[in-house]
Amino acid sequence: MVSRVIPVDTFDLVIFGGTGDLARRKILPGLFRRFCSGQMPDEARIIGAARTDFDSKGYRNLVAEAIAEFGGKTLADCADLPRFLERLEYIKIDARGDEGWADLRDMIRNDVITAYYFSVGPGLFGDLAQRLNSWKIATSDSRIVVEKPFGRDLTTAKELNASLAAEFDETQIYRIDHYLGKETVQNLMAIRFGNLLFEPLWNSQYIDHIQISVAESVGVGGRGAYYDKSGAMRDMVQNHLMQLLCLIAMEPPSKFDPDAVRDEKLKVIRALEPVEPHELVRGQYSEGPEGPSYREEAGDPKTFTESYVALKAKIANWRWSGVPFYLRTGKRLKARASEIAVVFKKLPHSIFGDEGDEGQNILAIHLQPNEGITLDVTIKEPGPGGMRLAHVPLDMTFAETLGDQAEDAPDAYERLIMDVIRGNQTLFMRGDEVEAAWAWTDPIIEGWQRRNDVPKLYDAGSSGPDDALALLHRDLRKWRDIEP
Ligand code: BG6
């Protein structure tokens, strides 16, 4: 299959925090990849803005180094680096003062799309938004892009939403959850709503339960100080896992349009029941063959922050009544592997006697590392010897089926930035969605605090705490083995 690249219109993209970690690791290499693919027009410009003393030449060197370090193989093959670097400018700016703002105003072109990426801590969102307007830099067509963490609870999320809403319309605000930019995550929607096959079965009559697993093999590493104030619930469940749950559980939107999709996601979040304490497992990794303990990495020998969460979520609506959604995510687990498994009910009656009892259809959407879909089906075991049954996966690994097209797929950030330029908010979280997600998450975290909950330890490099196994065993179910 030939991949189709549709160039976007010319733009000026300002990256506040343009020298920071996210800009160097993801945003700039991603933009370079879009440039190499022909999607970013030659006249587009990227303006790094930060406190560091740089001129544009120094910034171009920094970006070239970042691309060499984080760009991967495709980038090493692209000969366009000098041309891309020419598209870069730099402005030294003080987010809380006056320095740099007049220069930025002079630099921005009025006749192209303008976007402002706040790749900075949420404490600066309000200051930046306010200055973009008071210096008359942004227009009613400008877009602002903000990163997670979007608040640390409902109160702070509301404050952030209010500080942005004071300056920009909701249609101008792009809240990034990079999971929504992942190829397979969007495929969830294509699979559900682009095929007739699944949707009639997509309900409590045919589905037994759903498992959403996001396992990481890395620990918190150098991010210990940030992470320790957050924990897996705030860092992963409130946003990434919640978004996956929404896409799996939402009603079909009437069209693939930003508000139609986000309205349906919001209904799912609002229908979530509170989680009971016995349906929650919190874990923290201890030292193991694969690495040091969480406490050592976080630099606090007494911290009770969780690096693992498993829970049973329930959606109180007609479609999902009685269907548990088991969610789990953790760091320093035995492998990096993420998937969503839709486990269908057992046959109501097997004409094959005991032979047919075992099989359960499972649709597994493998998010990473090997993106693809498998559908477990029951077939006749080949060969003579009567009707013996086997349960096998129909395997569609995207790299095999789609070849280069799957390999060249843009990474989540680059796709999302291009959507900002196109003005398409479908894959971005709306303010009310974020608030609803916090409204569900807050009581869980408050409950842990009230009960002085101590996380269960699990060995670094293991599958997580034993209590997470018990969460499903109690319901006579078990987690899938999701090693890649
Ligand atoms: C980030 C979290 O949002 O997502 C990190 O802050 C986590 O803690 C990361 O490691 C996981 O993203 P991915 O794309 O590697 O699955």
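Just so you know, ligand 1 is whichever comes first in the structure, and atom 1 is the first atom listed for that ligand. Side chains included, hydrogens not; waters and symmetry mates left out as well; all remaining heavy atoms used.
Just one residue in the list Glu433, Glu170, Glu147 forms a salt bridge (charged side-chain N to carboxylate O under 4.0 Å, His left out) with Arg175, and that residue is Glu170. Among the candidates Asp235, Thr329, Asp177, the single residue satisfying the side-chain hydrogen bond (donor to acceptor under 3.5 Å, both in side chains) test with His240 is Asp177.
Interface atoms of ligand 1 facing Gln368, defined by a heavy-atom separation under 4.0 Å, are 13 (P), 16 (O). In the vicinity of Lys331, heavy-atom distances shorter than 4.0 Å reach the ligand 1 atoms 5 (C), 7 (C), 8 (O), 10 (O). Near His240, meaning under 4.0 Å from one of its heavy atoms, ligand 1 places the atoms 1 (C), 3 (O), 4 (O). Near Lys148, meaning under 4.0 Å from any of its heavy atoms, are these atoms of ligand 1: 1 (C), 2 (C), 3 (O), 6 (O). Heavy-atom contacts of Lys182 reach the following atoms of ligand 1: 13 (P), 14 (O), 16 (O) (cutoff under 4.0 Å). Counting atoms of ligand 1 from 1 in the listed order, those under 4.0 Å from a heavy atom of Glu216 are 7 (C), 10 (O), 11 (C).
Between Arg282 and Asp467 there is no salt bridge, since none of the side-chain N atoms of the basic residue sits less than 4.0 Å from a carboxylate O of the acidic one.
Listed by first and then second residue, the salt bridge (charged side-chain N to carboxylate O under 4.0 Å, His left out) pairs that reach into residues 153-166 come to none, sequence neighbours excluded.
The aromatic ring centres of Phe150 and Trp438 sit 6.0 Å or more apart. For Tyr308 and Tyr458, the ring centers sit closer than 6.0 Å to each other.
The shortest contact between atom 12 (O) of ligand 1 and any protein heavy atom is with His178 NE2, 3.2 Å. In this structure, atom 6 (O) of ligand 1 lies nearest to the protein heavy atom Asp235 OD1, 2.6 Å. Atom 16 (O) of ligand 1 has Tyr179 OH, 2.5 Å as its closest protein atom, hydrogens excluded (heavy atom only). In this structure, atom 15 (O) of ligand 1 lies nearest to the protein heavy atom Arg336 NH2, 3.6 Å.
The number of heavy atoms from other shown groups lying within 6.0 Å of CZ (Arg480) is above 12.
Any N or O atom pair closer than 3.5 Å counts here, and Arg223 shares at least one such pair with ligand 1. For the pair Tyr226 and ligand 1, the shortest N or O to N or O distance does not fall below 3.5 Å.
Looking at residues two or more places apart in sequence or on another chain, you find no side chain to side chain donor-acceptor pair (under 3.5 Å) involving Lys26.
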